[in-house]
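Convention: sequence-line order gives letters A, B, ...; per-chain numbering from 1.
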2 protein chains.
Amino acid sequence: MTTEQLTSHIREKQSFLCVGLDTDLDKIPRHLLQEEDPIFAFNKAIIDATRDYCVAYKPNTAFYEAYGARGWQSLERTIGYLNATCPEHFTIADAKRGDIGNTSTRYAKAFYEEMDFDALTVAPYMGRDSVEPFLAFEDKFVILLALTSNPGAFDFQTGTFGGEALYEKVLSASLEYAGSERLMFVVGATKAEYLAAIRKRVPDHFLLIPGVGAQGGSLEDVCKYGMNGQVGLLVNSSRGIIYAGNGPDFAERAAEQAASIREQMAKILAGD
Amino acid sequence: MTTEQLTSHIREKQSFLCVGLDTDLDKIPRHLLQEEDPIFAFNKAIIDATRDYCVAYKPNTAFYEAYGARGWQSLERTIGYLNATCPEHFTIADAKRGDIGNTSTRYAKAFYEEMDFDALTVAPYMGRDSVEPFLAFEDKFVILLALTSNPGAFDFQTGTFGGEALYEKVLSASLEYAGSERLMFVVGATKAEYLAAIRKRVPDHFLLIPGVGAQGGSLEDVCKYGMNGQVGLLVNSSRGIIYAGNGPDFAERAAEQAASIREQMAKILAGD
C-alpha cells in the first residue's frame with residue numbers, strides 16, 4: 001500500500017482509526033472457547049463488525065506468541081482474512097523487532113513476505129543497519145518507535161542525547177534512512193504535548209498513535225498537535241473497542257465503540 | 001537455573017561457549033530437507049554433537065518466525081529437546097523483545113512458561129516498565145541489550161546521554177531493576193575495548209558476548225577485559241559452528257569447531 005492510498009481511504013471513511021487486535025483468551029467471551037481457533041473466531045467477528053469504521057488493523061504479536069505455534073497460526077489466519085476481505089485496510093504487525101542486519105532480514109521476510117503485512121513496528125536501539133533491512137520491501141512500511149505511550153518512555157527516550165532528546169535524535173537520524181513513503185513513527189497519545197515539536201521535525205510522516213482510551217490519551221489533543229495536511233495520523237484503540245462487550249453481542253458492542261470514535265474523527269476532519 | 005549452577009557448569013566443562021542456533025533452510029545440508037522438520041533435525045544433530053563443549057544454546061527467534069507457525073513449532077521442538085536432554089545447559093531465546101507492561105508480560109509467558117527458556121534477550125528503549133515484567137519469573141533471566149555487535153551500535157548506544165554513553169546509562173539504570181541473579185547484558189565482542197569500562201559498572205553480572213567468529217571479534221580480548229572472578233561470560237558463536245560443514249558430516253564438523261573453541265577457553269580458564 002502507498003501513503004496516498006491510505007490517505008484516500010481515510011478521507012473516504014472519514015476515519016483514521018486503527019483497531020488493535022490484542023486478543024487474549026482470558027478476556028474474550030466464554031462461548032468462543034468451544035471454537036476450533038477461538039482467537040481467530042474472535043478476530044474475524046471483530047473485523048467484520050468494525051471494518052466500516054476504521055482504516056487499519058494492528059495485531060500485537062505478543063498476544064499470539066503467548067500461545068506458541070497455535071497462536072502464530074491464529075495470527076496467520078487473521079492476516080490472511082484481513083488481506084482477503086479488507087485489502088484496502090492498512091495492516092500493522094506490532095512486533096517491535098530489530099536485530100543485526102541478516103537477522104532483521106529474516107524478521108522482514110516473516111512479516112512482509114510470509115504474512116504480507118503492510119507495516120511492522122521496529123525498535124531503534126540497535127541503529128541504522130538494524131532498521132534498513134526492513135526498508136528494502138516495496139510498498140511496505142517501517143513504523144519506528146520514537147516516543148512510546150508507557151511511563152518508561154521517560155527513562156531513555158526523553159533524556160538529553162547530544163543536545164536533543166533521544167527520541168528527537170531517533171527521528172532526525174531515521175530521516176536519512178527513508179522518506180515518508182516508507183517510514184512512519186510511533187508516538188504515544190499520552191505524550192500529546194510533544195506532538196507539535198515532533199511535527200516540526202517530521203511534517204510529512206504518518207504517526208501511529210497508541211494510548212488513546214485505556215491508557216488515558218486524548219483524541220482532541222492528538223489531532224490538535226499531530227495532524228498534518230494529509231491527516232498523517234493513525235490513532236489506535238485496542239482494549240476499549242475489542243473488549244467493549246463480553247457476551248454474545250461482543251461484536252456489536254465493539255462496532256458501537258468503533259463507530260463512536262469514527263464519529264469524533266469525522267467531526268475533527270470536517271473542521272480540519 | 002541460578003548463576004551459581006551456570007558458573008559451576010562452566011568450571012566443570014572448562015567452557016563458557018554458547019552455540020547460536022540460527023538455523024536457515026537455505027544453509028543446512030541438502031539431505032536434511034527430506035526430513036519432516038528439517039530445522040529441528042538439524043538442531044538435534046548439532047545439539048547432540050556440541051553439548052559436551054558448550055554450556056548454553058541460543059536460538060535466534062527471527063530464524064524460526066521466518067517460517068511462520070511451522071518455524072515456531074521447530075523452535076518449540078528445539079527447546080523441548082534441550083530441556084529434556086541437556087537440562088544443565090542454559091537456554092537463551094534471542095528475541096530482543098520489549099513492549100508496554102501488560103504486553104511484555106505476554107512475551108514473558110511465551111518464552112519462560114510456554115517454552116521454559118532460562119533467559120530472554122530484551123531491548124531497553126521503552127524503559128523500566130517494559131523490562132520489569134520479564135524480571136518477575138523465578139530463576140529466569142533478562143539479558144538486556146547494552147552495547148551490540150553491529151555497526152549501528154554507534155548510532156545511538158555510544159552517543160552521549162546526560163554525561164555518559166547511552167549504553168552506560170542503560171547499564172546503570174537497569175541495576176535498579178534487578179541484581180546479577182536475574183539480569184545479564186549483551187555486549188558485542190566487536191566492542192571488546194569497551195569491556196573494561198563496562199566491568200567497572202557491572203562487576204558481577206554475566207555478559208552475553210555475540211560477534212566472535214563471523215562478525216570478527218577476538219576471544220582473547222573479550223576474556224582479557226570482560227572476565228570476572230566467576231568467569232561472568234557467555235561467548236556465543238553461531239554460523240562459525242553450525243555451518244562449519246555442509247555435507248553428511250556437518251555435525252562432526254560443528255563438533256570440531258565447538259571443541260576447538262572450548263579448548264581455547266579451557267586454556268584461558270587455566271591461566272585465569
Side-chain angles (χ1 to χ4, degrees), chain A residues 22 24 60-73 75-76 94-107 109-111 113-115 123-132 145 148-157 159-162 166 169-170 173 210-211 215, chain B residues 22 24 60-73 75-76 94-107 109-111 113-115 123-132 145 148-157 159-162 166 169-170 173 210-211 215:
Chain A
D22 297 358
D24 181 340
N60 185 308
T61 52
F63 288 81
Y64 301 84
E65 284 182 27
Y67 305 110
R70 202 161 42 94
W72 205 259
Q73 214 162 43
L75 179 63
E76 288 175 345
D94 192 1
K96 302 184 175 68
R97 298 299 194 258
D99 209 308
I100 65 170
N102 76 320
T103 309
S104 277
T105 300
R106 309 300 297 181
Y107 281 128
K109 280 177 194 282
F111 290 103
E113 286 187 355
E114 286 281 315
M115 293 198 271
Y125 188 74
M126 292 181 66
R128 184 168 188 151
D129 64 296
S130 72
V131 179
E132 281 188 328
L145 301 187
T148 55
S149 59
N150 63 320
F154 297 113
D155 291 355
F156 306 118
Q157 297 167 26
T160 307
F161 183 90
L166 176 59
K169 176 70 183 171
V170 167
Q215 290 181 62
Chain B
D22 298 357
D24 181 341
N60 185 309
T61 53
F63 288 82
Y64 301 84
E65 283 181 28
Y67 304 111
R70 203 162 40 93
W72 205 259
Q73 212 161 45
L75 179 62
E76 288 175 345
D94 193 1
K96 301 184 175 70
R97 298 298 194 260
D99 208 308
I100 63 169
N102 76 319
T103 309
S104 277
T105 300
R106 309 301 297 181
Y107 281 128
K109 279 176 192 285
F111 291 104
E113 286 186 354
E114 285 282 314
M115 293 196 272
Y125 188 74
M126 292 180 68
R128 182 168 189 153
D129 63 297
S130 73
V131 179
E132 280 190 327
L145 301 186
T148 56
S149 59
N150 63 320
F154 296 112
D155 292 354
F156 305 117
Q157 297 167 26
T160 307
F161 183 90
L166 175 60
K169 175 70 183 172
V170 167
Q215 292 181 60

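Side-chain contact between Gln157(B) and Met126(A) is present, with heavy atoms from C-beta onward closer than 4.5 Å. Looking at heavy atoms from C-beta onward, Tyr67(B) lies in side-chain contact with Arg106(A) at the 4.5 angstrom threshold. The shortest side-chain heavy-atom distance between Lys96(A) and Lys96(B) does not fall under the 4.5 Å cut-off. Proximity of Glu65(A) to Glu65(B): side-chain heavy atoms (C-beta onward) are separated by under 4.5 Å at one or more points.
For the set Ala110(B), Ala62(B), Ala123(B), the count of heavy-atom pairs under 4.5 angstrom toward chain A peaks at Ala62(B). Considering only heavy-atom pairs separated by less than 4.5 Å from chain A, the leading option among Pro151(B), Ser149(B), Ala173(B), Ala153(B) is Pro151(B). Of the listed residues (Ser130(A), Gly101(A), Ala95(A), Gly152(A)), the one with the most heavy-atom contacts under 4.5 Å to chain B is Gly152(A). Contacts with chain A were tallied for Asp94(B), Val131(B), Ile100(B), Asp22(B); Ile100(B) has the most, counting heavy-atom pairs under 4.5 Å. Chain A forms more heavy-atom pairs under 4.5 Å with one residue of Lys169(B), Lys109(B), Arg97(B) than with any other, namely Arg97(B).
When atom types are taken as modelled, the side chain of Asp155(A) and the backbone of Arg128(B) share a donor-acceptor pair closer than 3.5 angstrom.
Heavy atoms closer than 4.5 Å to chain A are found in both the backbone and the side chain of Thr61(B). Using a 4.5 Å cut-off between heavy atoms, Phe111(B) touches chain A through its side chain atoms alone. Proximity to chain A involves both the backbone and the side chain of Val170(B), based on heavy atoms less than 4.5 angstrom apart. Of the two parts of Thr103(B), the backbone and the side chain both hold a non-hydrogen atom closer than 4.5 Å to a non-hydrogen atom of chain A. Heavy atoms closer than 4.5 Å to chain A are found in both the backbone and the side chain of Pro124(B). Looking at Arg70(B), there are no atoms closer than 4.5 Å to chain A (heavy atoms on both sides), in backbone or side chain. Contacts of Gln73(B) with chain A are made by both backbone and side-chain atoms, with heavy-atom separations under 4.5 Å. Residue contact with chain A, scored on non-hydrogen atoms closer than 4.5 Å, involves the side chain of Asn60(B) exclusively.
Counting all heavy atoms, side chain and backbone alike, Phe156(B) lies closest to Phe161(A) at O-CE1, 3.1 Å.
Distance check, rounded to the nearest 0.5 Å: CG of Leu166(A) to OH of Tyr125(B) gives 4.5 Å.
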